[in-house]
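Working notes, structure below.
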Amino acid sequence: MKKRILTVLIALITVLTLCFTLAGCDKSGSIKKAFEDEGYTVTTVDTNNEKAKSLLKTLFTEEQIEKIGEYEIILCVGEGLGAFTGTGMVIKFPSEGEIKNFLTVEDADGNKDTKLYDSAKENGSINGNCLYLGAPKGLEIFKNA
């Protein structure tokens with residue numbers, strides 16, 4: 001009897017832990033809502049979208065852009081704002097660890113450089129499993145989501 005109660009209790013704790021862990025990872029829903037609440041048009045796009053492509057090309061290599069194409073890209077365009085000043089992009093990674101792997105550069109000696117990740121984390125461009133690229137106004141919305 002004690003074994004059965006203990007087994008059920010352990011199973012329940014495991015299920016609850018997984019539910020909270022998995023539910024807490026994805027910030028994209030609250031980020032989308034925050035941009036929509038500020039009057040932005042929020043759409044999911046791919047790397048072939050012209051606005052997304054132009055922003056990605058200024059920041060990443062073709063190989064990196066190809067990798068980004070595997071993730072969800074959320075384009076946020078502000079109403080009545082200039083093309084650059086009102087546009088932001090959120091890349092939804094499977095986890096924050098994936099963002100760190102993506103932004104970590106390996107030098108010729110095999111040393112891993114995390115300066116890009118550290119900088120993005122410090123300035124608020126990382127929120128949960130999402131990475132923000134774009135206008136400073138959008139960064140404030142992203143950080144507060």
Side-chain angles (χ1 to χ4, degrees), residues 5-79 81-145:
I5 292 173
L6 186 60
T7 303
V8 170
L9 185 60
I10 290 172
L12 182 62
I13 290 170
T14 303
V15 168
L16 287 174
T17 302
L18 284 173
C19 286
F20 286 119
T21 303
L22 295 175
C25 291
D26 188 13
K27 295 285 289 182
S28 63
S30 61
I31 291 169
K32 285 179 186 178
K33 176 115 175 68
F35 275 99
E36 288 169 345
D37 290 348
E38 291 294 323
Y40 281 70
T41 302
V42 178
T43 55
T44 300
V45 298
D46 61 20
T47 53
N48 293 321
N49 176 281
E50 289 303 317
K51 286 184 181 180
K53 189 185 297 185
S54 65
L55 184 57
L56 290 170
K57 282 185 175 183
T58 61
L59 300 169
F60 300 109
T61 65
E62 286 298 324
E63 184 179 296
Q64 290 171 315
I65 293 171
E66 189 175 313
K67 182 71 175 165
I68 289 171
E70 298 173 13
Y71 307 120
E72 182 178 349
I73 301 171
I74 303 162
L75 189 65
C76 307
V77 180
E79 293 292 322
L81 301 173
F84 179 71
T85 58
T87 302
M89 182 185 318
V90 178
I91 303 170
K92 178 183 162 188
F93 288 82
S95 68
E96 189 174 336
E98 287 289 322
I99 298 174
K100 187 171 185 173
N101 289 341
F102 182 78
L103 295 177
T104 298
V105 180
E106 192 170 311
D107 63 17
D109 298 330
N111 298 322
K112 297 194 183 247
D113 181 5
T114 61
K115 287 179 191 168
L116 286 174
Y117 172 80
D118 297 337
S119 174
K121 189 74 172 165
E122 185 178 306
N123 75 17
S125 294
I126 296 174
N127 187 347
N129 63 321
C130 297
L131 173 66
Y132 177 80
L133 308 169
K137 180 180 179 189
L139 180 59
E140 290 305 312
I141 298 168
F142 177 81
K143 287 194 288 190
N144 295 324

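With rounding to the nearest 0.5 angstrom, the CG atom of N144 is 12.5 Å from the CG atom of D37. Expressed to the nearest 0.5 Å, how far NZ of K33 lies from CD of E38 amounts to 11.0 Å. Note: L55 CG to L75 CG = 8.5 Å, rounded to the nearest 0.5 Å. Note that CG of D107 is 7.5 Å distant from CG of D113, once rounded to the nearest 0.5 Å. From I91, atom CD1 reaches atom OG of S125 across 10.5 Å, with rounding to the nearest 0.5 Å.
Residues T43 and I74 are not in side-chain contact: their nearest non-hydrogen atoms beyond the backbone lie 4.5 Å or more apart.
Shortest non-hydrogen contact noted between I99 and L131 is CD1-N, 4.2 Å. Heavy atoms only, all atoms of each residue included: T47 and I65 are closest at CG2-O, 3.7 Å. The two residues Y132 and V90 come nearest to each other via the heavy atoms CD1-CG2, 4.1 Å. For N49 against V45, the heavy-atom pair with the smallest separation is ND2-CG1, 3.5 Å. Here the closest heavy-atom approach between residue K27 and residue N127 is recorded as CE-OD1, 3.0 Å. Heavy-atom minimum distance, L116 versus L103: CB-O, 3.5 Å.
Contacts of E72 classified as salt bridge (charged side-chain N to carboxylate O under 4.0 Å, His left out), with partners at least two apart in sequence or in another chain: K32, K92. Applying the side-chain hydrogen bond (donor to acceptor under 3.5 Å, both in side chains) rule to D118 yields the partners T114; only residues at least two apart in sequence or on another chain are considered. By the side-chain hydrogen bond (donor to acceptor under 3.5 Å, both in side chains) test, E70 pairs with K67, sequence neighbours left out. Legend: residues meeting side-chain hydrogen bond (donor to acceptor under 3.5 Å, both in side chains) with S54, ordered by chain and number and at least two apart, are absent. Residues satisfying the side-chain hydrogen bond (donor to acceptor under 3.5 Å, both in side chains) criterion with E66, sequence neighbours excluded, are absent altogether. The ring-ring contact (aromatic ring centres under 6.0 Å, His included) check on F93 picks up Y71, F102, with sequence neighbours excluded.
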### Query
salt bridge (Lys or Arg N to Asp or Glu O under 4.0 Å) between K143 and E140: does it pass, once the steps are laid out?
CA-CA 5 Å; K143 287 194 288 190; E140 290 305 312; 3.3 Å; yes

### Task
Give the intermediate values and the outcome of side-chain contact (heavy atoms from CB on, under 4.5 Å) for residues C76 and T41.
CA-CA 6 Å; C76 307; T41 302; over 6 Å; no

### Query
Where do M89 and K51 land on the side-chain contact (heavy atoms from CB on, under 4.5 Å) test, with the steps shown first?
CA-CA 9 Å; M89 182 185 318; K51 286 184 181 180; over 6 Å; no

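Judged purely by atom type and a 3.5 angstrom limit, Q64 uses its side chain to pair as donor or acceptor with the backbone of T61. A donor-acceptor contact shorter than 3.5 Å links the side chain of T104 to the backbone of K100.
Residue-environment remark: CD (E63) stays at or below the threshold of 12 foreign heavy atoms within 6.0 Å. Open room surrounds NZ on K112; 12 or fewer heavy atoms of other groups in view lie less than 6.0 Å from it.
Checked by atom type, the side-chain pair Y117/E96 shows a donor-acceptor distance below 3.5 Å.
For the side-chain contact (heavy atoms from CB on, under 4.5 Å) criterion with L133, the lone passing option out of T58, I73, L59 is L59.
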